[in-house]
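Some notes on the structure that comes next.
Since the structure is predicted, the reported quantities are computational estimates derived from the model, not experimental observations. Throughout, a chain's letter reflects where its sequence line sits, starting with A, and its residues are numbered from 1.
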Amino acid sequence: MARQAKLQTVRDAGGNPYAYTYDRTHEAGALQAKYAELPVGTETEDEVSVAGRIMAMRNNGMFIDLHDPSGKIQVFCHKDSMNEDELAKLETLDLGDIIGAKGKIRRTPRGELSVRVSHIQLLTKCLLPLPEKYHGLTDIEQRYRQRYVDLIVNEESRDTLRKRSLITTAMRDYLTKQWGGIEVETPMLHPILGGATAKPFVTHHNTLDTDFFMRVAPELYLKRLIVGGLADCVFEINRCFRNEGISPKHNPEFTSAELYKAFTDVNDMMDLTEGLVQYIAQTVFGTLEFKYGDNVINLGGKWPRKSMCGLVMDATGVDFMTIFDAAEARAAAKKLGVHVEPTAKWGEVVAAVFEEKVEDTLIQPTHITDFPLDISPLAKVHRDNPRLTERTETYVNGWEIANMFTELNDPADQQARFEEQVKAREAGNDEAQMLDADYVTALEYGLPPCGGWGLGVDRLTMILTGSPNIRDVICFPTLKPIKV
RNA sequence: GAUCGCCUAGCUCAGCCGGUAGAGCAACUGACUUUUAAUCAGUAGGUCCCGGGUUCGAUCCCCGGGGCGAUCACCA
């Protein structure tokens, strides 16, 4: 009998193949824990009811593996415990059906905790066959396109996405309790592109007849909240959108955490990065050591803080701090085999050399401090050097996972930096930011000394869960629709 | 966007030199009420990603298209 026919059989017998509810007493995981000590071969008089999806059936339906999100329990359908009507229901069940089962707890002679069923009920018919039980669903495309099927059959997928949820929960706890932050939500639709150097998505509001950019970063709005004194510390964990290439490390929509706290600076933000990541690692995973590919990453202790130019010098022997002329810097880069645009500024050259020669080597957590002014339009000038800013990026596993700075709060300086961005934009750089005059106005009202911080939630999750592709840590990653 | 690779039954995969498609699991029929990827016997199941071309004949060779993956570019 096919699934549709069985569904009809259930209806004909007066049942509902799509039940309204079910009175479940226990989740599978709770039973496994409660009866962990129940000896092999023991029968009990403890009545329970469970509900979940049929993932395997053996011996003509006598043994059913019932899975729910908490775990698995065997359902034992023996004729001595079931009347004829109940036994007949077994005929209508298929792999994948969601059922409820009621009966007494026992542990079989083979050691499997089971419910000796007296009453069984189809709760939701599954009309499509499940992927093969042994190999599961391995086709990577189908796993992402039909995540629901992937989740039904692949424990690792469920585990990774659950871990992600635990990670963001721990993150909220830490930012709220340890840093006194309040979580806020700022616009996704931005009239002006700002907060990061990136290509945007453009969308349109009909009744306003206005184009908006999907935000590339929430930064400028969050700092406006600090200006307003909504709180001394605000944070947001939410989506950003960048219209750029897709890769194992890039999804067009990704989740960033950003935090701003008055009366702190970049040094405090480095403490935040370490404290947060270590807190998450400990509370969610109970360890500070993580395997990723061939690397073992140790998140413990104080992470080294090294200046970008210093690391570039270590790697190449070239001290860019002694080079003041952009042309000279470009020549030095060329000598090192690093390609830079003929118009590249000193800071852009340094960053290019850093990315080429240093980035991949930063497997263990490292704070890269003292970013060049040229590539940091929203960061405050370094208190000791006008060519640098108080900006740090944190690298783990060769990836940038966090970016932080002492926020630029001098409106005149910010105005000038925006104008530089506008010039770059007019010169054809479609990633350059726009002049946000209202943001400058906000700074004119006064942004207190302020540290700001952002972290890539997806990448952190990849590292902590050992996921090789960013899509593994996103429930529904961006895919190209299939054209017919 | 570029290069390389992949796409065969619901799922996991074979398929030789171009001769007209196979297995395991799932399904269906039957046996079996203490199984653990249950077992045993049998049955059925295909737009070989799509569209052209070459050929007597194309899953296979060629061209175009689609989707996915890896690497690169861009970037977080």
Side-chain angles (χ1 to χ4, degrees), chain A residues 1-6 40-41 43 54-65 72-82 87 90-91 94-96 106-114 116-117 126-146 149-150 152-154 195-200 216-217 239-258 339 351-352 355 359 393-396 398-403 429-431 454-460 462 468-471 477 479-484:
Chain A
M1 226 185 338
R3 288 170 187 251
Q4 283 285 1
K6 292 182 185 177
V40 167
E43 305 282 341
I54 299 177
M55 294 305 289
M57 280 195 282
R58 291 177 291 278
N59 284 49
N60 212 16
M62 182 164 55
F63 300 97
I64 293 173
D65 284 349
K72 163 192 152 179
I73 186 142
Q74 182 169 269
V75 165
F76 178 54
C77 300
H78 197 276
K79 61 182 177 186
D80 291 350
S81 315
M82 301 170 77
L87 276 172
L90 293 179
E91 299 297 317
D94 288 298
L95 247 58
R106 65 193 293 264
R107 190 176 292 281
T108 68
R110 303 286 182 100
E112 194 72 40
L113 190 70
S114 308
R116 176 190 282 275
V117 169
C126 173
L127 292 173
L128 297 171
L130 259 32
E132 195 217 348
K133 61 188 167 190
Y134 189 58
H135 298 93
L137 184 66
T138 61
D139 180 85
I140 247 179
E141 178 176 359
Q142 198 179 341
R143 285 182 48 209
Y144 297 142
R145 283 197 195 280
Q146 293 185 283
V149 180
D150 176 40
I152 288 171
V153 297
N154 288 327
T197 306
K199 292 191 197 100
V216 297
R239 223 65 62 77
C240 295
F241 305 86
R242 297 192 186 172
N243 205 341
E244 290 157 359
I246 295 177
S247 85
K249 275 162 44 186
H250 301 84
N251 196 63
E253 48 179 311
F254 64 100
T255 300
S256 76
E258 286 203 11
H339 173 77
E355 281 166 28
E359 205 173 87
E393 285 188 352
T394 305
Y395 280 76
V396 179
W399 308 341
E400 180 205 332
I401 64 155
N403 180 23
N429 182 350
D430 56 356
E431 294 185 359
L455 175 137
V457 173
D458 310 274
R459 286 192 181 174
L460 178 65
M462 287 171 72
N469 193 310
I470 194 168
R471 293 171 163 199
L479 292 174
K480 196 165 181 172
I482 297 173
K483 279 186 204 163
V484 190

Report task. Please evaluate the base of C32(B) for a donor-acceptor partner in the side chain of Asn59(A) within a cut-off of under 3.5 Å? Result -> no

Query raised in the report: Any donor-acceptor pair under 3.5 Å between the side chain of Arg107(A) and the base of U34(B)?
Result: no

Sticking with atom [atom1], work out how far [N] lies from [M], rounded to a whole angstrom.
N: C7(B); M: U12(B); atom1: C1'; value: 14 Å
N: A23(B); M: U8(B); atom1: C1'; value: 13 Å
N: G19(B); M: C48(B); atom1: C1'; value: 16 Å
N: A26(B); M: C13(B); atom1: C1'; value: 14 Å
N: C16(B); M: C49(B); atom1: P; value: 14 Å
N: C6(B); M: G45(B); atom1: P; value: 31 Å

For [X] and [N], what is the distance between atoms [atom1] and [atom2] respectively, to the nearest whole Å?
X: Asp139(A); N: C49(B); atom1: CG; atom2: C1'; value: 12 Å
X: Leu127(A); N: A26(B); atom1: CG; atom2: P; value: 19 Å
X: Tyr134(A); N: U12(B); atom1: OH; atom2: P; value: 15 Å
X: Asn60(A); N: C40(B); atom1: CG; atom2: C1'; value: 13 Å
X: Met55(A); N: C11(B); atom1: CE; atom2: P; value: 15 Å

Query - Nearest-neighbour nucleotide for the Phe76(A) side chain, A76(B), C11(B), U34(B) considered - result: U34(B)

Pair assignment for [N], Watson-Crick or G-U wobble, requiring both distances under 3.5 Å:
N: G64(B); result: C50(B)
N: U71(B); result: A2(B)
N: U34(B); result: none
N: A14(B); result: none
N: A21(B); result: none
N: U55(B); result: none
N: U43(B); result: A27(B)

Query raised in the report: Is the side chain of Ser247(A) donor-acceptor paired with the backbone N or O of Lys249(A) at a distance under 3.5 Å, no angle test?
Result: yes

Query raised in the report: Where each residue is assigned the nucleotide of RNA chain B containing its nearest heavy atom, which of Arg145(A) and Ile470(A) is assigned the position nearer the 5′ end?
Result: Arg145(A)

**Report entry** Residue-phosphate contact under 4.0 Å: Lys133(A) side-chain N/O, A26(B) OP1/OP2
**Finding:** yes

Query raised in the report: Does a nitrogen or oxygen in the side chain of Thr108(A) sit under 4.0 Å from OP1 or OP2 of U34(B)?
Result: no

Report task. Kindly compute the distance separating CZ (Arg107(A)) from CD (Gln74(A)), expressed to the nearest 0.5 Å. Result -> 10.5 Å

Query raised in the report: Counting any heavy atom closer than 4.0 Å, what does Cys240(A) reach on the DNA or RNA strands: base, sugar-phosphate only, or nothing?
Result: nothing

